[in-house]
Amino acid sequence: MDARLGFSTVDAAVHHPQPEPVVRLRGFTRRFGANTIIEGLDLDIAPGEFIALLGRSGSGKTTLLRTLAGLDEVRGQDVDVPASRAVVFQDARLLPWKPVWKNVALGLKGDVRERAETALREVGLGHRITAWPLTLSGGEAQRVALARALVREPKLLLLDEPFAALDALTRYRMHELVLSLWHRHKPAVLIVTHDVEEAIALADRVLVLDKGRIVAEERITARRGERAGLSGRLREKLLSHLGGDDHGDGVVPFGPIAEAAE
Amino acid sequence: MAALAIDDAAKGKGIAPLPGRSFSLSRFGGRWLSPVLLLLLWEAGSRSGLIPERTLAAPSAVIGTLIDMLISGELPSNLLVSFARVTAGLVLGVTLGLVTGLIAGLSSTGELAIDPLMQIKRTIPALALTPLFIVWFGIGETPKVALIAFATIFPVYLNLYSGIRGVDPRLLDAAKSFGLSRWEQIWHVVLPATLPSLLVGLRYALSISILVLVVAEQINASAGLGYLINNARDFMRTDIIVVCLMVYAILGLGADWLVRIIEARALIWRPSIVEQ
Ligand SMILES: Nc1ncnc2c1ncn2[C@@H]1O[C@H](COP(=O)(O)OP(=O)(O)O)[C@@H](O)[C@H]1O
Ligand SMILES: [Mg+2]
């Protein structure tokens with residue numbers, strides 16, 4: 001483990017003395033009929049830790065996130081998640097018949113308008129408090145979804161490819177927003193993404209999920225904003241894991257096309 | 001060469017509508033032109049004796065009769081009777097449609113119990129039940145109200161039920177992830193999502209109710225628009241018949257207007273309405 005690298009491969013044998021984790025999964029398995037989507041997965045998330053979960057489409061990222069969000073039954077499995085958690089989905093999933101602030105306040109009790117307005121101002125939408133969701137742009141809708149998650153002061157914030165549908169500039173702004181909100185509120189964050197750059201820019205720890213298992217785990221020690229240098233090598237490493245095994249159904253650019261041309 | 005010729009023809013057509021646009025009548029009074037012309041022809045036909053009064057009264061006679069019937073109170077009092085019938089039938093039918101639609105939509109046991117019955121009921125045209133209802137309920141108000149109620153249950157039921165089943169599961173997931181209870185999910189997500197579809201059902205129910213009213217009122221009525229029409233038929237008063245037809249039309253328009261008002265208020269969040 002070379003500290004100058006700015007990142008390090010996590011060795012399962014090395015024990016990190018850490019505070020009580022907010023999320024703890026042991027041997028978690030999820031099946032749909034005969035298909036095993038996730039198998040024997042162990043996962044700890046420390047309080048305030050920022051984790052990025054990478055994986056190809058269909059690798060089970062959303063399935064894992066739904067479990068952490070408590071949306072799926074976990075009959076008799078060893079799954080510990082905090083009671084206070086919130087989710088931001090890829091599509092903002094705002095209720096179109098409620099004005100923005102009521103969406104943010106959904107399910108809260110007490111003086112909710114005040115809290116909703118504060119949260120909306122935090123994500124820079126203080127001027128759209130009474131707007132109808134269907135009049136928002138994609139980026140604005142996603143910021144409302146962030147406000148709706150944060151207003152609950154969650155211990156665990158789950159983000160499922162939240163910025164995949166946004167243009168590059170908006171996505172970059174959203175990264176800064178998420179980081180500043182994370183600094184202020186310090187929830188543990190798990191962001192699902194298929195964008196290696198996004199994972200490197202945001203996370204303390206990057207996990208790669210493939211065929212229901214975590215096949216790689218990288219801890220990034222370099223400060224955010226000083227990661228441009230390490231990005232190249234780490235990116236190659238993560239991409240190679242994302243490509244799957246070398247002879248399997250991994251990335252074989254132009255393979256089939258070359259065949260077809262013969 | 002043929003392609004070229006077609007091309008030229010298309011170009012010619014593309015230019016043609018422009019001078020038409022400057023003809024202002026087609027934009028403003030245009031839609032009223034043909035109905036007014038028809039009325040004038042009708043009036044002329046009646047005056048010249050081409051259309052005998054027994055076949056159809058002249059428009060001017062119809063208007064005179066309308067004013068007379070309004071002043072004498074004959075029309076308002078009978079309209080009120082018909083209005084009360086259709087309202088009672090609608091309240092009953094819509095309520096039953098709401099209750100059954102909610103039960104079948106929200107619970108699978110309820111669906112199992114109710115939906116087959118509703119599908120059977122759908123195959124029976126409501127008006128075909130008229131003789132049976134007369135046997136059961138006699139010839140008073142009850143069979144008329146019952147027919148209207150029976151006919152209006154289904155559109156409300158079907159639209160509510162399919163609306164509930166069609167709620168976006170992703171929105172429900174989001175609500176669940178924020179810890180909303182089952183009842184909170186129904187209140188905040190399911191019911192508002194169903195509203196557009198329910199209003200469509202309501203609009204159907206209203207227009208069906210007026211259709212059934214017209215037929216049900218032919219059952220030996222002693223008051224109401226149907227009674228007026230039956231009486232007028234016996235005395236060959238085509239002017240009164242036309243007045244009553246106009247009132248039925250106005251009832252239908254009023255019902256449509258009512259649902260539009262409800263829609264504009266309840267569905268204000270929809271962009272097409274927001275933009276206005
Ligand atoms: N409710 C479900 N029923 C059956 N199969 C499912 C269900 N949800 C997900 N899957 C399957 O699980 C696999 C992983 O899906 P998902 O977790 O959504 O992948 P990812 O988010 O990584 O793209 C896919 O092959 C998908 O078809
Ligand atoms: Mg997914």
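- To the nearest 0.5 angstrom, A:W132 atom CH2 is 9.5 Å from B:W269 atom CH2.
- Residue contact with chain B, scored on non-hydrogen atoms closer than 4.5 Å, involves the side chain of A:R152 exclusively.
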- Verdict with supporting geometry, A:W97 and B:L191, side-chain contact (heavy atoms from CB on, under 4.5 Å): CA-CA 11 Å; A:W97 42 84; B:L191 293 184; over 6 Å; no
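- Heavy-atom distances place the side chain of A:L71, and not its backbone, under 4.5 Å from chain B.
- For the pair B:D173 and A:R66, the minimum side-chain heavy-atom distance is below 4.5 Å.
- Using a 4.5 Å cut-off between heavy atoms, B:A266 makes no contact with chain A at all.
- Using a 4.0 Å cut-off between charged side-chain N and carboxylate O, B:D168 and A:R93 make no salt bridge.
- For the atom pair OG1 of A:T135 and CZ of B:R270, the computed distance is 15.5 Å after rounding to the nearest 0.5 Å.
- Only the backbone of A:L94 comes within contact range of chain B, judged by heavy atoms closer than 4.5 Å.
- Expressed to the nearest 0.5 Å, how far CG of A:D160 lies from OG of B:S177 amounts to 11.5 Å.
- Neither the backbone nor the side chain of A:K102 comes within less than 4.5 Å of any heavy atom in chain B.
- Other residues, nucleotides and ligands contribute at most 12 non-hydrogen atoms within 6.0 Å of the CZ atom of B:R182.
- Crowding of B:F83 atom CZ: a count of heavy atoms from other residues, nucleotides or ligands under 6.0 Å not exceeding 12.
- Side-chain contact between B:L171 and A:F89: absent, with no pair of heavy atoms (C-beta onward) separated by less than 4.5 Å.
- Here the closest heavy-atom approach between residue A:D91 and residue B:R170 is recorded as OD2-NH1, 2.5 Å.
- Within 6.0 Å of the OH atom in B:Y204, the count of heavy atoms belonging to other residues, nucleotides or ligands does not exceed 12.
- When the shell of 6.0 Å around CZ of A:R224 is examined, it contains more than 12 heavy atoms from other residues, nucleotides or ligands.
- For B:R165, the CZ atom is densely surrounded, since the number of other residues' heavy atoms within 6.0 Å is greater than 12.
- Contact between A:A149 and B:F178 at its shortest, heavy atoms only, is CA-CE2, 4.4 Å.
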